[in-house]
Q: 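The structure's right below; bear with me while I get my questions together.
In what follows, chains carry the letters A, B, and so on, assigned in the order in which the sequence lines appear, proteins first and then strands, with residues in each chain numbered from 1.
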2 protein chains.
Amino acid sequence: MSADSVRERLLAGRAGPDRASGSAADRVHDALRADLLAGHLSYGERLVEEQLAERFHTSRTPVREALRRLETDGHVVRDPAGGVRPNPPRVSAMRDVYAVRFVLEDLVVTLAARGAGQADREALERLRVEWLELREAWPQLRDQIDWPDFVHADESFHEGIARASGNRAALRYLRDVNERIRVLRIHDFTTADRIEATIEEHLEILDAACAGEVATATALMATHVEASASVVEARVGTLLARMFDAGEGEL
Amino acid sequence: MSADSVRERLLAGRAGPDRASGSAADRVHDALRADLLAGHLSYGERLVEEQLAERFHTSRTPVREALRRLETDGHVVRDPAGGVRPNPPRVSAMRDVYAVRFVLEDLVVTLAARGAGQADREALERLRVEWLELREAWPQLRDQIDWPDFVHADESFHEGIARASGNRAALRYLRDVNERIRVLRIHDFTTADRIEATIEEHLEILDAACAGEVATATALMATHVEASASVVEARVGTLLARMFDAGEGEL
DNA sequence: GGTCCGGTGGCTGTATACAGATCCGTTCGA
DNA sequence: TCGAACGGATCTGTATACAGCCACCGGACC
């Protein structure tokens with residue numbers, strides 16, 4: 001397996017499902033979501049349907065729908081004065097979502113490691129092979145990718161576990177959780193150390209899960225998610241402080 | 001506290017937030033949701049924007065929005081042939097959602113019983129008083145209410161715990177969980193026995209939580225939710241079998 | 001008889017006009 | 001000078017027309 005193909009897979013989920021061929025509502029939604037995640041919109045800025053329609057060369061109808069979707073995903077909040085504005089990240093809200101993530105990740109890794117179905121076990125094994133390849137390829141990749149993009153590889157790992165759990169509801173809720181904390185988790189992988197540690201942790205979890213060692217797998221997963229939460233909280237704390245100083249957002 | 005006022009509180013949440021004054025989209029959404037929960041729509045029936053607009057004396061625009069909301073709440077699914085149709089309940093999907101509910105209820109009761117904040121502790125105490133009153137009033141209420149309506153009282157108990165946990169994300173996800181299993185949970189409270197047992201279990205949980213006995217509270221909550229799952233699954237199993245015999249839905 | 005192809009109806013996606021609510025500035029009066 | 005009412009700008013909610021897609025159906029050809 002070449003480093004290039006691993007790199008391709010790693011970057012595949014970067015912008016989410018890249019549906020250039022989708023409806024106008026999809027286009028607007030994806031574009032705004034990307035802007036929000038990249039921090040291109042300041043938190044005071046109001047997003048007004050008419051203006052967005054003009055910007056995306058479409059009418060208000062698709063824009064309306066896109067804004068509603070962004071709202072239910074927690075990316076924007078309604079402004080009493082009309083329109084919506086980017087939902088400023090708060091440390092307290094992040095802690096709440098992470099607490100939910102802990103218990104959901106524990107649930108899916110338990111189910112996956114218990115491995116009732118043959119198909120689930122095989123899915124775990126495939127995931128393990130992928131991450132073995134990624135570890136192999138990392139020395140070459142580290143100069144070729146923007147490290148924050150690694151968050152998408154990380155998400156695909158956790159999504160893989162959730163799939164292997166066979167619990168579709170848990171998968172759906174974990175996706176929602178990821179959607180809500182992605183804007184912050186981008187700040188997780190900013191050093192090579194963090195990425196290399198993450199790769200090792202993922203492989204340890206997969207080893208335990210594939211071996212059916214439920215207790216080991218859940219313990220490792222708890223440590224893994226805990227570490228991510230700590231790193232993100234530390235980084236985000238200083239980030240929010242900086243934005244606050246700059247008068248860009250409210251805490 | 002009179003039985004009447006308890007009854008009033010108990011039935012308050014019956015139809016969800018009853019916003020007769022809301023937008024047309026809200027009206028359509030609430031009406032369709034009520035129909036779906038009451039089982040007034042057969043699972044084969046396609047809901048088409050134009051027809052619904054005529055039925056509710058409005059245009060397609062609010063109907064569109066209502067259908068999208070019902071879709072994200074899992075009440076309807078898109079039909080490849082156009083429109084949406086009621087999402088037929090499946091036992092396997094119910095088990096998945098209940099597995100998520102287990103871990104979320106465990107999380108919130110843990111947080112609530114740990115009771116970091118004074119306000120949370122007071123909220124728990126108020127909830128306990130409400131259920132003491134409900135137990136008191138039950139002998140009179142049992143002839144005055146449709147027992148399935150008790151599901152709304154039950155939900156308000158669990159929502160109260162989630163509020164007292166102080167974790168807004170968990171509260172949001174539990175609301176979503178409730179939204180998805182309500183159509184089935186209606187079949188939980190069809191006997192006086194079940195209702196009386198539920199009241200006692202709620203009070204035991206609240207006693208433990210108010211006393212800060214975390215382990216006891218979580219154990220009681222687990223037993224409580226487990227019992228609900230069993231009862232619902234048994235009832236729903238026969239219900240789905242009957243619908244299937246009648247050719248109304250697909251499994 | 002089966003399969004492929006083109007027509008056709010139905011439904012969604014989108015554009016656009018209009019109505020109603022709300023907020024802000026201004027002006028008039030005390 | 002302060003307050004209240006008026007007016008206008010702005011934005012969302014809703015109605016409606018139009019365009020395009022897609023499944024379904026019927027017929028022709030293999």
Q: Taking side-chain hydrogen bond (donor to acceptor under 3.5 Å, both in side chains) as the test, write out the residues that go with B:E49, two or more places apart.
A: B:R60, B:R64

Q: Tell me whether the OP1 or OP2 atom of C:dT16 has a side-chain N or O from A:T61 closer than 4.0 Å.
A: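 No, no such contact exists.
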
Q: Check A:R55 with A:D35, please: is the shortest side-chain N to carboxylate O separation under 4.0 Å?
A: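 Yes, this pair counts.
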
Q: Going by an N to O cut-off under 4.0 Å, is there a salt bridge joining B:D96 and A:R168?
A: no

Q: Under a 3.5 Å cutoff, is there a donor and acceptor pairing between the side chains of B:R182 and B:H152?
A: no

Q: Can you tell whether the side chains of B:E155 and B:R175 come within less than 4.0 Å, N to carboxylate O?
A: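 Looking at B:R175 together with B:E155, the answer is no, because their closest N to O distance does not fall below 4.0 Å.
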
Q: Rounded to the Å, how far apart are A:D26 CG and C:dT14 C1'?
A: 13 Å

Q: Below 4.0 angstrom, N of the basic side chain to O of the carboxylate: do B:E130 and B:R126 qualify?
A: no

Q: Does a side-chain N or O from A:T58 land closer than 4.0 Å to OP1 or OP2 of C:dA15, or not?
A: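 So the side-chain polar atoms of A:T58 do come within 4.0 Å of the phosphate oxygens OP1 or OP2 of C:dA15, strictly under.
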
Q: Measure NE2/A:H29 against C1'/C:dG13 and give the value in whole Å, please.
A: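 Spelled out: NE2 on A:H29 to C1' on C:dG13 is 17 Å.
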
Q: Which atom pairs link the protein and nucleotides 7-13 of chain D when you take only N or O atoms and keep those under 3.5 Å?
A:
unit_1: D:dT12; atom_1: OP1; unit_2: A:G83; atom_2: N; d: 3.0
unit_1: D:dG13; atom_1: OP2; unit_2: A:R64; atom_2: NH1; d: 2.9
unit_1: D:dG13; atom_1: OP2; unit_2: A:R64; atom_2: NH2; d: 2.9
unit_1: D:dG13; atom_1: N7; unit_2: A:R60; atom_2: NH2; d: 3.0
unit_1: D:dG13; atom_1: O6; unit_2: A:R60; atom_2: NH1; d: 3.0

